[in-house]
There are 2 protein chains.
Amino acid sequence: MAKIAVLGHGVVGSGVCEVIEENKESITRRAGQPIEVKRILDLRDFDDLPYRDKFTKNIDDILNDDEISIVVEVMGGVSPAFEFTSRALQKGKSVVTSNKELVASKGAQLLALAKENNCNYFFEASVGGGIPIIRPMHLCLAANEIDEIVGILNGTTNFILTKMIRENMEFDTALKLAQDLGYAERNPAADVEGHDACRKICILASLAFGRHVYPQYVQTEGISNITLEDVAYAENWGGVIKLVGEAKRLPGKDTIKCLVSPALIHKESQLANIDDVFNGVLVRGNATGDVVFYGKGAGKLPTASAVVADVIHEAKSFGTSTSLTWADSSENFVEPVEALCEAFYVRLFGASRAQIEEAFGAVQFLSRAGAEADESAFVIKPQPVQKTLDALKTLEDAGVRVCTKIRVADC
Amino acid sequence: MAKIAVLGHGVVGSGVCEVIEENKESITRRAGQPIEVKRILDLRDFDDLPYRDKFTKNIDDILNDDEISIVVEVMGGVSPAFEFTSRALQKGKSVVTSNKELVASKGAQLLALAKENNCNYFFEASVGGGIPIIRPMHLCLAANEIDEIVGILNGTTNFILTKMIRENMEFDTALKLAQDLGYAERNPAADVEGHDACRKICILASLAFGRHVYPQYVQTEGISNITLEDVAYAENWGGVIKLVGEAKRLPGKDTIKCLVSPALIHKESQLANIDDVFNGVLVRGNATGDVVFYGKGAGKLPTASAVVADVIHEAKSFGTSTSLTWADSSENFVEPVEALCEAFYVRLFGASRAQIEEAFGAVQFLSRAGAEADESAFVIKPQPVQKTLDALKTLEDAGVRVCTKIRVADC
């Protein structure tokens, strides 16, 4: 019998309790022993629940209970989750989490602490909700060098973009709908501005490349400036606009590419059809080629089931998993975006074709129904981002109004 | 240092040697120790290879070598692979395989033998080539009851169907092209008649439902009867024809649905866009919802990397994995197809609309350019297969020529 504690009885925490109860039989078979939720930490009262006796408001009731060998941290946020996780690991209790903010900001430190104390810090649920991605990347792609990861990592923004693309809905209307449906928070910044996707690509990049990639070094751009005009031009180009997180090994360099931004994705790409609240992650290995994982990136039961899978894994494991981990990186090893080589879609007003081609060389001009007279949209060939920025600056100095620039993804 | 032997130096076997050499550094880091290929069994001579000294033609050189702890069986076929695998397991050596024929026909027996001898029988590479599917299904979906699996499991037939759909190529021409490109064997029956897909769905179903599903009980239908007319009607219906393997828990029953057949898949399905030689597997869990795994289902390096991932896992593991396994099932527990409830697309000649509606109730009629005068194509609502077969028989008895019937998949 493995006894666990759950920190936080919100959406995911209550889902964990539910999945453990619901799938008791198969969990016992797969874990080799029954798994029981012994205590639940939450500051709120849940007097109506049949398992109300398990609740406590005092973390020490859990940390000092030697019967509890696994702690599930599903509180979210850095504080007090960081303190509680650290103390649990110091006591030799393994911790399973869905807290992407904490893993992205303190992962290396907590993984090292787990190793020191011969226990584990598992975080499958922190990326991709119910989609198995952390462990497949770690285990099954073990024989590959991972060269690149491209992911649609945030369901809320993907829902909004899908509505814009399929139903010609304005950004604000789509956001409002997402809020009404419970897909977006009242304050949607973390999703819409790309911070959530940024945390997730940092976790995947850290795991793939073995060194902690900190969110503050990753240039992050959201989708609030995307318009229906851009969506129309993307379609004319032969693709769709998605919010993607990308991490890539740079050949011959000690740095990596890592960024979050909207991007044009070609219709032929396996990521182009990942719509609504679904997530998809493309992992490019040197032996497997492209592998894509697809599924619901959020939601109570999918996320809870990923947490419980980690709990089962811990219940079966012996000592520390020494390889599902990465080292701290005191220095930033993310290449500045300006130095990357990227293709861009650009939309602007008041420039002649000749001016545009003088600035960017040969470009692919795009069209849309109802374009304004002085409007141009085009895709430029991959070149150093700084060169593109300089060219845009020169055009702006000449009175051109640059409206949008969106990366073209290579996936 | 973990020392391994490779049985068979064909496409996959040589790929295993290559991947282990190529990714030495990351493999050592991930396995926690270096991995060395000590011996290779093959009846052929490979005098030009730098590692020619490792070859032997005698299996006893491997089985009697106590330094060799892991045996990679990539010979294919049941004999002598079954004998060699059994003897290796009896010696306590773990075996890693890509041999789907052996796993599908003798899996339960070999898994039990591994358990008895406190070692492992791993088979990630037997399904989906380089796509991690066995282990993610086992580990990460551990907290789910798996209700259903639908997979495009054979790259050769998927390539042929893609050519038919996208380029309007006849079946025979597409098959010839697949053979010229090396995607199909000279004798393409195993692929084209669905036997390869059948072995794979049997392995996935055994793992998901915990009891061995034997290929001989699984009704298997290939794609050699699919015509461009059917492809056109499928498009009119709003989908594509794919060869799918399906396994499904039947609510309230002790049997499962398990079959391989061509099927109409709606364009909105995540499986509809899995084209060319790619494979895709949709796993439907009671908590995660739909999760899809996508990638190259075959090929030297993808398959080899899946084998090596299992080798790494074995090098790190302690004793038997007691749950990546299933029980033998002395009896067939696959529901007869006739008793299933399925929707069908039907194409026939010489029946009036009234006759068709009398036979099947309300149906959805389809159209195509250039249809013959007495040709009809339509989709019937889900109903017991026996009822559909009876209705078709009645029509045939009345002089109607039934040309094609293809299942409509629910995915």
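Proteins come first, then strands; the chains are lettered A, B, ... in the order of their sequence lines, and each starts at number 1.
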Max heavy-atom pairs within cutoff under 4.5 Å with chain A, candidates B/Glu22, B/Glu145, B/Glu25, goes to B/Glu145
Bottom line for A/Glu18: the part with an atom under 4.5 Å from chain B's heavy atoms is neither
Would you mind telling me which of A/Asn286, A/Val19, A/Val307 has the largest number of heavy-atom pairs within less than 4.5 Å of chain B? A/Asn286
Taking everything shown except A/Lys296 itself, do over 12 heavy atoms lie less than 6.0 Å from its NZ? no
Pick from B/Ile274, B/Asp290, B/Asp275, B/Asn273 with the largest number of heavy-atom pairs that fall under 4.5 Å of chain A: B/Asn273
With under 30° as parallel and over 60° as perpendicular, where do the rings of B/Tyr294 and B/Phe278 fit, or are they tilted in between? parallel
Between A/Pro302, A/Gly129, A/Gly299, A/Ala304, which residue shows the highest count of heavy-atom pairs closer than 4.5 Å to chain B? A/Pro302
What pairs with B/Thr303 under side-chain hydrogen bond (donor to acceptor under 3.5 Å, both in side chains), at least two apart in sequence or on another chain? none
Indicate yes or no for a side-chain donor-acceptor contact from B/Arg30 to the backbone of A/Ala143 under 3.5 Å, with no hydrogens or angles considered. no
Could you check whether the rings of A/Phe159 and A/Tyr183 sit parallel, tilted or perpendicular, using 30° and 60° as the cut-offs? perpendicular
List in chain and number order the residues that pass side-chain hydrogen bond (donor to acceptor under 3.5 Å, both in side chains) with A/Ser206, two or more places apart in sequence or in another chain; answer none if no residue qualifies. none
Looking at chain A, which one of B/Val291, B/Ile134, B/Ile35 has the largest number of heavy-atom pairs inside 4.5 Å, strictly under? B/Val291
Where does A/Gln270 contact chain B at under 4.5 Å (heavy atoms): side chain, backbone, both or neither? side chain
